[in-house]
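A short worksheet on the structure shown next.
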Amino acid sequence: MSLPPAAYDPREVEGPILESWLAGGWYGQPVLEGRPPFTVVIPPPNVTGSLHMGHALNNTIQDVLVRRARMTGRPTRWVVGTDHAGIATQNKVEQKLAAEGRDRHEIGREAFVEACWEWRREHGSIIISQLKQMGCSCDFEDEWFTMDPSYQKAVRKVFVDLFEQGLIYRGERIINWCPRCTTALSDIEIEHEELEGRLWRIRYPLADPAGDVDHLVVATTRPETMLGDTCVAVHPDDARYRALIGATVVLPLVGRRIPVVADEHVDPSFGTGAVKVTPAHDPNDFEIGERHGCEKVNVLTADARVTAEGGAYEGLDRYEARKRIVADLEEQGLLVSVDDHVHSVGHCYRCHTVVEPWLSDQWFVDMKPLAAPAIECARDGRVRFHPARWTGVYYHWMENIRDWCVSRQLWWGHQIPVFYCDSCGEMAASMEDLAACPACGGPVRQDPDVLDTWFSSALWPFATLGWPEKTPELDYFYPTTVLSTARDILFLWVARMIMQGLKFAGDIPYAEVIIHPTVFNAAGKRMSKSLGTGVDPLDLMEHYGADGMRFGLMLQTTGSQDIRFAEEKLAHSRNFANKVWNASRFVLMSLREDYEPGPPEPLTVADRWILSRLADLSQTVDVCLDADRAREAGAEPFQFGEAARALYDFFWSEFCDWYIELAKGRLAEGGPPGAAARRNLVFVLDRALRLLHPMMPFVTEEIWRRLPLPTEDRADSLMIAEWPRGLAHMRDPAAEASVGVLQELVTEVRAIRARYGLSPKARVDLVVRAAGADAALVEAQAHYLHELAGVGSLSVDPAAVRPACSAVGVAGSFELYVPLEGLVDFAAERERVVRDLGRAREDLERLERKLANEGYLAKAAAEVIEKDRAKAAELARAVVTLEAQAASLSD
RNA sequence: GGGCGAUUAACUCAGCGGGAGAGUGCCUCCCUUACAAGGAGGAAGUCGGGGGUUCAAAUCCCUCAUCGCCCACCA
């Protein structure tokens with residue numbers, strides 16, 4: 001066998017591994033009755049999208065869970081696909097047309113929709129291939145799109161059922177209107193931003209002056225809407241205006257005579273206490289208008305220009321109209337004052353244009369009946385959020401839910417399956433397209449609007465398993481196991497999936513919801529392609545490997561709200577992959593021709609120690625990644641960062657830095673000790689690779705194949721090898737304690753060597769003062785001290801005194817001396833010893849005070865007290881030792 | 001207006017009732033036949049301020065400050 005390269009090169013390795021995985025048929029697994037499935041649905045990325053850091057993080061999380069579950073033997077299904085993304089896609093295609101000098105109205109609806117499909121064919125697979133590149137083990141054989149024919153059927157069925165049950169209705173309401181996208185938006189598609197605006201105070205003259213009162217003053221942040229004012233409202237108890245209730249004012253610039261009405265909604269303390277009411281352009285004003293029977297005058301067109309109702313201002317853009325109106329009012333002496341005023345302004349979440357509250361006919365879903373069971377399933381614990389604090393956010397939204405405006409004035413999307421008859425006025429929702437009116441047989445036309453994209457994505461967990469058909473997959477894989485997603489779509493998507501799942505699939509869509517941190521850039525800004533503040537995951541994979549990126553992300557995934565991502569953070573993950581590669585290379589190269597696979601042989605304390613540490617690691621990883629195991633252990637589930645850290649520390653610090661180094665001597669010796677060391681190296685490495693695989697699939701798979709360890713279980717791929725279990729019996733606290741002592745001794749001797757700049761080849765003698773069992777413990781480790789600390793002769797003596805010309809050290813409760821003829825800087829040694837002595841005395845005093853405290857002795861846990869006593873005893877010995885050393889050095 | 005989160009070593013962040021940790025960076029030494037993308041050693045923090053609970057607080061409670069996010073019919 002040729003020697004594998006010393007450096008792991010992801011660029012060379014990942015491609016072929018990926019090919020073999022895709023060809024292997026392991027990604028999506030079939031129904032296997034009798035075994036619990038593990039199902040995840042991917043949050044479907046927009047077809048227009050390409051991989052960003054949020055996807056990289058979220059899909060790493062999902063893949064870690066899916067890969068682990070697959071190894072435990074659960075049939076796994078990770079449903080993948082893309083979202084048609086109504087507005088986003090329509091905007092892209094419109095931009096493309098614009099670049100060609102055309103627009104959608106010119107080519108017509110049919111051709112436009114075809115252009116969208118064309119876009120999808122060209123761009124839709126980009127993000128899917130990027131997921132593959134990351135190593136995501138989705139079921140790519142079963143890729144979904146939210147506009148697939150069967151998916152369209154599911155969407156239509158949900159609409160028709162809701163319609164027939166009276167849960168969908170059409171109505172004229174104030175909705176959020178994006179004048180650039182020219183469509184309605186739901187409330188949660190609006191992004192509010194605090195902006196510095198103005199508060200204008202405007203004089204409205206009374207039609208019939210009463211005494212010396214000939215006007216009142218209203219305050220507004222949007223003066224242009226005055227064109228549509230149909231009354232002025234004051235609070236009924238406001239003494240300033242009581243006499244004016246019922247009076248008539250003449251609307252400036254327009255001349256319309258409008259009443260002054262009394263309404264409880266008015267806050268007398270804001271502005272002037274008198275509100276101009278524009279029922280067609282403000283939700284509150286709409287309500288007031290309804291209560292007082294006021295006219296609704298729409299003064300803005302779909303693209304936010306003034307309508308004919310605006311008289312002289314007709315055709316002006318809303319902001320131009322504002323300027324002109326303010327100027328005209330000022331000229332007429334009706335502008336009382338202008339003040340700065342900070343208020344929050346809604347923007348379109350797709351194009352960031354300021355939205356207009358606008359009166360129009362739209363379709364709404366009655367949400368309260370759907371919300372009730374969705375609240376219930378979280379209350380009774382069937383659905384759990386992680387971190388748990390999101391549960392409260394979810395309740396708050398659900399309990400204050402408002403009806404959902406689901407119609408969009410777009411062409412790309414699921415067209416609303418409602419047919420209107422112009423002859424008899426019939427309105428019918430239908431699963432099949434209607435050619436004639438079911439009531440009168442007259443001609444019908446279909447509603448031209450499409451449904452909110454989120455209406456269809458809400459069905460994702462069951463529509464992708466075949467619903468409304470009763471498929472075996474739906475029966476087996478639904479409800480899904482875990483959903484992992486970003487917090488910004490908790491309401492837009494997650495909450496609605498829960499409502500629709502309960503309503504239509506008859507069960508919750510998933511039991512566990514992971515709300516992962518948001519990825520920000522190093523400056524703490526949201527990563528955004530358009531702003532150029534993002535990091536491209538593809539570049540990261542190029543430089544650090546898919547494993548480096550994945551592991552780096554996992555290390556940073558803690559319970560915190562966000563991740564400030566800086567590229568440098570990935571370097572040590574890439575190095576870690578290389579470390580794993582080299583450790584494996586070492587273990588494999590140390591094996592002999594005659595190696596026979598078999599169970600581990602815990603021959604020495606070092607063997608027992610590493611096996612114990614491995615058992616601990618296995619437990620930690622399971623508790624961090626498996627919700628059931630976490631609950632058994634009373635721990636918070638889904639601790640990706642903690643699992644990654646445990647893997648990293650175990651592999652690098654414990655396995656590489658200590659165990660391999662401890663084993664080297666025996667490997668060179670050969671014989672039964674060497675054979676045992678090989679068995680243990682193979683066993684521990686094998687299990688560690690399995691535990692690492694979900695987070696670092698490529699390097700571990702490459703090792704599995706290229707450096708095949710001779711173990712019993714040799715699956716074709718590490719991906720389907722067995723997940724380690726049943727290691728708990730290897731726990732060995734005594735071995736862990738012994739190796740702890742050894743580590744302290746070695747570290748202390750190394751520190752002495754470093755202090756005096758001894759060459760790595762130079763041997764030193766070591767004198768340790770210890771008695772009884774302690775002495776035996778140290779003596780038993782003579783050869784390790786030899787190998788790891790360059791100790792030549794070791795002498796353990798209960799009455800040892802400092803040899804002349806020796807450096808001194810303390811390791812735990814051991815006092816040790818290293819004779820260094822002619823080398824020792826006594827002044828420096830003394831200074832160090834005195835410093836250590838000071839610290840030890842302080843620590844000891846603090847502990848003694850604590851141990852003398854009656855409250856502490858009465859109330860603290862027995863094991864805590866025991867631990868402190870042991871610690872105090874050790875410190876007391878250290879103080880004695882250091883005092884003696886200090887004294888001996890002062891001669 | 002309501003709510004949530006953050007504030008720990010120069011930087012980025014873990015830890016969240018009983019010994020202040022990691023990575024990066026920095027200093028010293030070492031190319032020791034797994035790995036220089038490495039090894040060994042080291043310096044570095046009154047855990048944002050102030051109260052409180054407790055035998056014991058970075059960790060729980062209150063409060064203040066700063067930063068970030070979410071929700072809300074803030075004319």
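Values reported hereafter were calculated over all heavy atoms of this structure, with side chains retained and with hydrogens, waters and symmetry mates removed. This one's a predicted model, so the numbers in the text were calculated from it and none came from an experiment.
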Would you kindly check if the NZ (Lys) or CZ (Arg) of A:R487 is within the cone defined by 45 degrees around the ring axis of A:W397 and under 6.0 Å from the six-membered ring centre? no
Pair A:R198-A:D339, salt bridge (charged side-chain N to carboxylate O under 4.0 Å, His left out): steps then yes or no: CA-CA 5 Å; A:R198 299 269 168 79; A:D339 295 309; over 6 Å; no
From CD1 of A:I190 across to C1' of B:C70 the rounded distance in Å is 16 Å
Does A:E661 reach a base, just sugar-phosphate, or nothing at all? Heavy atoms under 4.0 Å. base
When you check the phosphate oxygens OP1 and OP2 of B:U32, does a side-chain N or O of A:K664 lie under 4.0 Å from one of them? no
Rounding to a whole Å, what distance do you find between A:F385:CZ and B:G3:P? 21 Å
Other residues, nucleotides, ligands: >12 heavy atoms within 6.0 Å of A:E193 CD: yes
Under 4.0 Å, heavy atoms only, any strand: does A:A858 hit a base, just the sugar-phosphate, or nothing? nothing
Applying a 4.0 Å non-hydrogen cut-off, can you work out what A:D657 is touching in the nucleic acid: base, sugar-phosphate, or nothing? sugar-phosphate
Distance flag, aromatic centroids of A:F385 and A:W390, threshold under 6.0 Å: no
For A:T272, which contact category applies under a 4.0 Å heavy-atom criterion: base, sugar-phosphate, or nothing? nothing
Both A:D843 and A:G757 contact RNA chain B. Taking the nearest nucleotide for each, which residue is further toward the 5' end? A:D843
What integer distance in Å separates A:H572:NE2 from B:C35:C1'? 17 Å
Under 4.0 Å between a side-chain N/O of A:R755 and OP1 or OP2 of B:C29, yes or no? no
Here RNA chain B, pairs taken as Watson-Crick or G-U under 3.5 Å and shown with ( ), [ ] when crossing and | when to another strand, reads (((((((..((((....[..)))).(((((.......))))).....(((((..]....))))))))))))....
Regarding A:V393, tell me which of base, sugar-phosphate or nothing describes its non-hydrogen contacts under 4.0 Å with the strands shown. nothing
Euclidean distance for C1', B:A22 against B:A14 (whole angstrom): 7 Å
Considering only B:U32, B:A34, B:C4, which nucleotide approaches the side chain of A:F586 most closely? B:A34
C1' spacing across the pair B:U28 / B:C67, given as an integer number of angstrom: 39 Å
Between A:R839 and A:E842, is there a salt bridge with N-O shorter than 4.0 Å? no
Nucleotide by nucleotide, nucleotides 7-17 of chain B touches protein heavy atoms under 4.0 Å in the pattern (B base, S sugar-phosphate only, - none) -----SSS---
Measuring only the C1' atom in each nucleotide, how far is B:A75 from B:G3? A whole number of Å is fine. 25 Å
Are any of the side-chain heavy atoms of A:K579 and A:C656 separated by less than 4.5 Å? yes
Nearest whole angstrom, please: distance from the P of B:G39 to the CD1 of A:I660. 11 Å
Residue whose closest nucleotide on RNA chain B lies nearer the 5' end, A:S344 versus A:N575: A:N575
Just to be sure I understand the rule, does A:K579 reach a base, reach only the sugar-phosphate, or reach nothing, if contact means heavy atoms closer than 4.0 Å? base
Is A:R846 touching bases, backbone alone, or none of the nucleic acid, heavy atoms closer than 4.0 Å? nothing
Does the salt bridge (charged side-chain N to carboxylate O under 4.0 Å, His left out) test come out yes or no for A:E787 and A:R666, once each step is laid out? CA-CA 10 Å; A:E787 288 160 19; A:R666 275 191 287 161; over 6 Å; no
Euclidean distance for C1', B:C30 against B:G15 (whole angstrom): 33 Å
Verify whether the ring centers belonging to A:H572 and A:Y648 lie closer than 6.0 Å. yes
What does A:N578 touch in the nucleic acid at a heavy-atom separation under 4.0 angstrom: a base, only the sugar-phosphate, or nothing? base
B:U24 and B:A58, which share atom name P, separated by this distance in whole Å: 28 Å
For the side chain of A:K850, starting at C-beta, report the closest nucleotide among B:A37, B:C4, B:G18. B:G18
Rounded C1' spacing from B:U53 to B:U59 in Å: 14 Å
Spacing of A:H396 atom NE2 relative to B:C69 atom C1', expressed in whole Å: 15 Å
When the P atoms of B:U63 and B:C4 are considered, how many whole Å apart are they? 11 Å
Find the distance between NE2 (A:H341) and OG1 (A:T220) and round it off to the nearest 0.5 Å. 9.5 Å
Heavy atoms only, 4.0 Å cut-off, all strands: where does A:V277 land among base, sugar-phosphate and nothing? nothing
For the residue pair A:P517 and A:T557, what are the closest heavy atoms and their distance? CD-CG2, 3.9 Å
Which part of the nucleic acid, if any, lies within contact of A:A861, taking any heavy atom under 4.0 Å across all strands shown: a base, the sugar-phosphate backbone alone, or nothing? base
Using a 4.0 Å heavy-atom cut-off across all strands, classify A:F576 as base, sugar-phosphate, or nothing. nothing
Whole angstrom value for the distance that separates C1' of B:A22 from CZ of A:F551: 12 Å
Measuring from atom CG of A:L662 to atom CD of A:Q743, what distance do you get when rounded to the nearest 0.5 angstrom? 8.0 Å
Which of these nucleotides, B:C35, B:C74, B:A37, is closest to any side-chain atom of A:E194? B:C74
Name the closest nucleotide to the A:K761 side chain, picking from B:A75, B:A37, B:U32. B:U32
When the P atoms of B:G19 and B:C47 are compared, how many Å lie between them, rounded to an integer? 16 Å
From B:A72, B:C70, B:C74, nucleotide with atom closest to A:R402 side chain: B:A72
Side-chain N or O of A:W652 closer than 4.0 Å to phosphate OP1/OP2 of B:G39: yes
Under 4.0 Å, heavy atoms only, any strand: does A:H192 hit a base, just the sugar-phosphate, or nothing? nothing
How many whole angstroms separate atom CG of A:N521 from atom P of B:G68? 14 Å
Kindly determine whether A:C294 and A:V277 satisfy side chain to side chain contact (heavy atoms under 4.5 Å, CB included), including the steps that lead there. CA-CA 9 Å; A:C294 298; A:V277 177; 5.9 Å; no
Tell me the interatomic distance from A:H343, atom NE2, to B:C74, atom C1', rounded to whole angstroms. 9 Å
If you look at every strand shown and take non-hydrogen atoms under 4.0 Å, does A:F655 touch a base, only sugar-phosphate, or nothing? nothing
Is it true that A:Y349 and A:E191 share a donor-acceptor pair across their side chains at a distance under 3.5 Å? no
